[in-house]
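The structure appears right after this line, and notes come after that.
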Amino acid sequence: MAGSASDPTSGEDGSDRHKGERLQKVLARVGVGSRRTCEDLIAAGRITVDGVVAILGRRVDPETALIEVDGAPIGVRPGLVHYLLNKPTGVVTTADDPQGRPTVVGLVPDEPRVFPVGRLDADTEGLLLLTNDGELTHRLTHPSYGVEKEYVAEVQGVPTRAVLRRLREGIDLEDGPTAPARVALLDASLVRLTIHEGRNRQVRRMCEAVGHPVLRLVRTRIGPIADRSLAPGAWRPLTGDEIRALGVAVATDPGVSPQN
Ligand code: URA
């Protein structure tokens, strides 16, 4: 029973490790694995809380603790901000535009200063993260972490199954072949492409190469982050769970990720 003297998790020394939620519950909620898997990870010494290897029975305040899985943070550190913006067309993904066009940074609060995570073309719409978390930015944009980005493209013409297969298998672009992608036809000229590279104008160039130039392009998901209710031009802070889920998506070594 919580709080009873017989419960090893409810010690009376007043330390934080006896307060808050059970660690395995927090880990499971953000997608590290089932509760059982998370208990095994804790028992194996793969989880640290504020730099200290956690033991089974540990409780945490998920809003303040720095929780790491194999060295990859899933916690939210103080001072860091993370915004999700629904970028409208005509807005450029830079902090400062010499041509004076509106920028994504101008759509979110000035302080603390944040930077876009990767980029969307001026004529692309949809989800864009902005943050002052340099490590997360690096991991989300570096191809070796393989974070998925999902786009919905309205294209010219109606792609055949053979065209969809070519998009899926990889297209030879001038900067090399594209990696295999997930591709689905949602409607006659509406294609959903899920890629994990971030090459310049990649989706547009892929569609152009198969004879179906993009008429409209919207990014609908970044790893675990999606939001269909955010209006164009609107932003919101990521929730603690979303930030932790991103941390899991960019775990140190994808080969030993607890999700695999
Ligand atoms: N692919 C593109 O072609 N443009 C974007 O903005 C993002 C991905």
Side-chain angles (χ1 to χ4, degrees), residues 83-99 101-108 114-131 136-157 159 163-187 189-228 230-235 246 249-250:
Y83 303 133
L84 181 66
L85 170 72
N86 185 355
K87 182 185 121 29
T89 56
V91 175
V92 291
T93 310
T94 56
D96 204 12
D97 183 48
Q99 295 173 45
R101 290 172 295 181
T103 71
V104 291
V105 168
L107 292 173
V108 297
V114 291
F115 298 90
V117 178
R119 66 182 290 283
L120 292 177
D121 305 328
D123 44 356
T124 299
E125 306 157 57
L127 300 181
L128 181 75
L129 294 170
L130 296 105
T131 182
L136 181 66
T137 300
H138 168 72
R139 289 175 182 233
L140 284 171
T141 50
H142 199 283
S144 68
Y145 291 94
V147 176
E148 285 188 347
K149 285 112 193 164
E150 182 186 277
Y151 297 87
V152 174
E154 185 187 330
V155 298
Q156 216 170 71
V163 160
L164 298 176
R165 192 176 331 115
R166 282 182 64 200
L167 288 170
R168 230 171 253 136
E169 288 173 356
I171 302 285
D172 260 322
L173 299 178
E174 72 235 12
D175 50 352
T178 60
R182 284 212 306 280
V183 178
L185 194 63
L186 302 179
D187 205 346
S189 296
L190 212 56
V191 185
R192 185 176 60 213
L193 297 100
T194 309
I195 61 175
H196 51 82
E197 302 169 285
R199 285 149 65 175
N200 194 27
R201 296 182 78 82
Q202 181 170 339
V203 173
R204 291 175 193 278
R205 289 190 293 141
M206 288 170 71
C207 294
E208 176 95 41
V210 294
H212 293 278
V214 168
L215 304 175
R216 184 179 175 205
L217 184 60
V218 184
R219 181 153 70 186
T220 48
R221 184 168 62 81
I222 304 163
I225 309 299
D227 188 333
R228 284 161 162 252
L230 203 58
W235 64 273
L246 277 177
V250 296

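In listed order, ligands and their atoms are each counted from 1.
- Of the residues Thr178, Asp172, Leu173, the one that meets the side chain to side chain contact (heavy atoms under 4.5 Å, CB included) test with Asp175 is Leu173.
- Interface of Thr124 with ligand 1, defined as ligand atoms under 4.0 Å from a residue heavy atom, comprises 4 (N), 5 (C), 6 (O).
- In the model, Arg119 has a side-chain atom that pairs as donor or acceptor with a side-chain atom of Asn200 under 3.5 Å.
- For ligand 1 and Tyr151, the ligand atoms under 4.0 Å from any heavy atom of the residue are 7 (C), 8 (C).
- Of all atoms in ligand 1, listed by their number and element, those nearer than 4.0 Å to a heavy atom of Gln202 are 1 (N), 2 (C), 3 (O).
- The proximity of Val214 to ligand 1, defined as any non-hydrogen pair under 4.0 Å, does not occur for either the backbone or the side chain.
- Polar contact with ligand 1: present for Arg201 (N/O pair, distance under 3.5 Å).
- Closest protein heavy atom to atom 1 (N) of ligand 1: Val203 N, 3.2 Å.
- Close N/O approach between Arg199 and ligand 1 is not found [any backbone or side-chain N/O within under 3.5 Å].
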Given Leu185 and Leu190, is the side chain to side chain contact (heavy atoms under 4.5 Å, CB included) satisfied, shown in steps? CA-CA 6 Å; Leu185 194 63; Leu190 212 56; 6.0 Å; no
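- Among Arg192, Arg182, Arg219, the single residue meeting the salt bridge (Lys or Arg N to Asp or Glu O under 4.0 Å) criterion with Glu148 is Arg182.
- Thr89 and Arg216 form no side-chain donor-acceptor contact under 3.5 Å, judged by distance and modelled atom types alone.
- For atom 5 (C) of ligand 1, the closest heavy atom belonging to the protein is Asp121 OD2, 3.4 Å.
- Residues Asp123 and Leu217 form no side-chain contact, since every pair of their non-hydrogen atoms from C-beta on lies 4.5 Å or further apart.
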